[in-house]
Amino acid sequence: MTNTVTLLGLESSCDDTAAAVVRHTPGSAPEILSSVVAGQTALHADFGGVVPEIAARAHTEKLDICVEEALLQADMRLSDLDGIAVTAGPGLIGGVVAGVMCAKGLAAGSGLPLIGVNHLAGHALTPRLTDQVRFPYLILLVSGGHCQFLIAKGPDSFTRLGGTIDDAPGEAFDKTAKLLGLPQPGGPAVEQEARAGDPKRFRFPRPLLDRPGCDMSFSGLKTALLRQRDSLVAEHGGLHRADRTDLCAGFQAAIADVLAEKSRRALLEYIHLSPQAPTLAVAGGVAANMTIRHALETICEEEGAMFLAPPLALCTDNAAMIAWAGIERFRAGGRDDMSLQARPRWPLDQKAPAMLGSGKKGAKA
Ligand code: KG4
Ligand code: ZN
């Protein structure tokens with residue numbers, strides 16, 4: 001008997017419907033046999049953000065199609081699997097319910113075990129899927145709804161060192177894009193504009209750098225950007241192309257500086273606790289940003305830590321990370337039954353005090 005585990009993963013907590021098949025044999029690297037992602041960008045484009053009701057309906061329509069496609073690409077049937085892993089929270093509740101219901105149906109029909117997965121654990125465990133990183137490592141989880149530093153000590157053991165007290169950086173990117181008339185999701189659009197811009201022309205604030213610790217704040221940045229935009233419009237009667245690219249570059253530089261400096265502090269705190277082979281990994285959609293990646297890489301070089309960033313397709317929401325987090329839970333004996341609940345809130349570190357603020361995914365986990 002090989003002890004190989006193969007799981008189907010389902011993800012539907014925000015605006016991507018995804019299904020994937022991942023196989024793992026102890027002693028070898030996990031294999032992503034398929035990873036299907038159906039995005040909903042076009043459906044939400046007219047609204048300047050994710051509309052929960054529209055997202056939930058689209059997930060309901062797309063989940064079974066994604067599952068069929070993932071099984072087809074992996075050349076597998078349900079009977080070849082060892083279980084079904086599904087995001088059970090945190091997230092937009094309608095979408096999470098759609099995923100959990102689909103997974104329950106598949107598990108009931110096939111007799112396979114059901115494994116509920118925390119979406120944030122999916123992101124946080126991705127460095128083990130891609131690079132087989134050993135515990136404990138430091139992870140910066142930075143997405144549209146979340147921003148926190150965690151020490152990952154085991155598949156179900158995380159200590160939070162700090163996080164945002166208001167907006168998540170992805171949310172700030174999305175709002176900035178909206179203020180400048182750029183498409184959603186804002187992160188890639190702002191990054192693209194910033195490439196042609198001068199990051200020094202506008203000096204945006206670096207919130208909370210003057211305070212000790214790893215907590216962050218990003219909501220003031222969009223207000224600063226709004227003021228700057230309005231004063232440019234009042235001066236010139238509109239925005240020139242260079243104004244927009246410079247605003248994007250200045251805004252992105254501010255986010256990168258804050259994340260880099262707070263990462264340095266988190267690294268020092270974590271290295272103090274676990275000095276062997278320190279590693280900072282980054283995960284979540286904002287980890288796709290090259291300026292931010294380079295800033296974090298530099299900090300790691302300076303502090304003697306290894307820097308790890310997953311491939312772009314595994315930074316943003318996907319189901320391979322859910323299947324992998326499911327495999328980690330499954331190996332530890334984790335199973336759920338038909339009473340598995342969809343949870344809008346589900347902090348990874350249950351002992352840490354709740355964060356303030358609420359983002360597009362609801363209250364910060
Ligand atoms: O992890 P993710 O796919 O979904 C959440 O769990 O939130 O992250 C999506 C977020 C969006 O806010 C998007 O604007 C941001 O990640 N994002 C980026 C980039 N690509 C995606 N932000 C900055 N630069 C990027 N290149
Ligand atoms: Zn996510």
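None of the values given here were measured: they were computed from a predicted structure. Whatever order the structure lists ligands and atoms in, that order sets their numbers, starting from 1.
- Here the N, O or S atom of His123 that is nearest to the Zn ion (ligand 2) is NE2.
- Note: an N/O pair closer than 3.5 Å links Gly187 and ligand 1 by distance alone.
- Not less than 6.0 angstrom separates the ring centroid of Tyr137 from the ring centroid of Tyr270.
- For ligand 1, the atoms closer than 4.0 angstrom to any heavy atom of Gly186 are 14 (O).
- For the side-chain contact (heavy atoms from CB on, under 4.5 Å) criterion with Val67, the lone passing option out of Thr17, Ile84, Leu10, Val36 is Leu10.
- Of all the atoms in ligand 1, the ones that sit under 4.0 Å from a non-hydrogen atom of Thr316 are 3 (O).
- In summary, His119 places an N/O/S atom under 2.8 Å from the Zn ion (ligand 2), meeting the contact criterion.
- Among the atoms of Cys14, no N, O or S atom falls under 2.8 Å of the Zn ion (ligand 2).
- Here His123 has side-chain heavy atoms under 4.0 Å from ligand 1, and that is the only part of it that gets that close.
- Between the side chains of Glu11 and Ser13, at least one donor-acceptor pair of N or O atoms lies under 3.5 Å.
- Of the options Asp174, Ile292, Val190, the smallest heavy-atom separation from atom 13 (C) of ligand 1 is shown by Asp174.
- At least one test fails for Arg160 against the ring of Phe149: distance under 6.0 Å to the centre or angle within 45° of the axis.
- Residue Glu191 approaches ligand 1 through these ligand atoms, each under 4.0 Å from one of its heavy atoms: 25 (C), 26 (N).
- Taking a cut-off of under 4.0 Å to the non-hydrogen atoms of His119, the atoms of ligand 1 that pass are 6 (O).
- In terms of distance to the Zn ion (ligand 2), the nearest N, O or S atom of Asp317 is named OD1.
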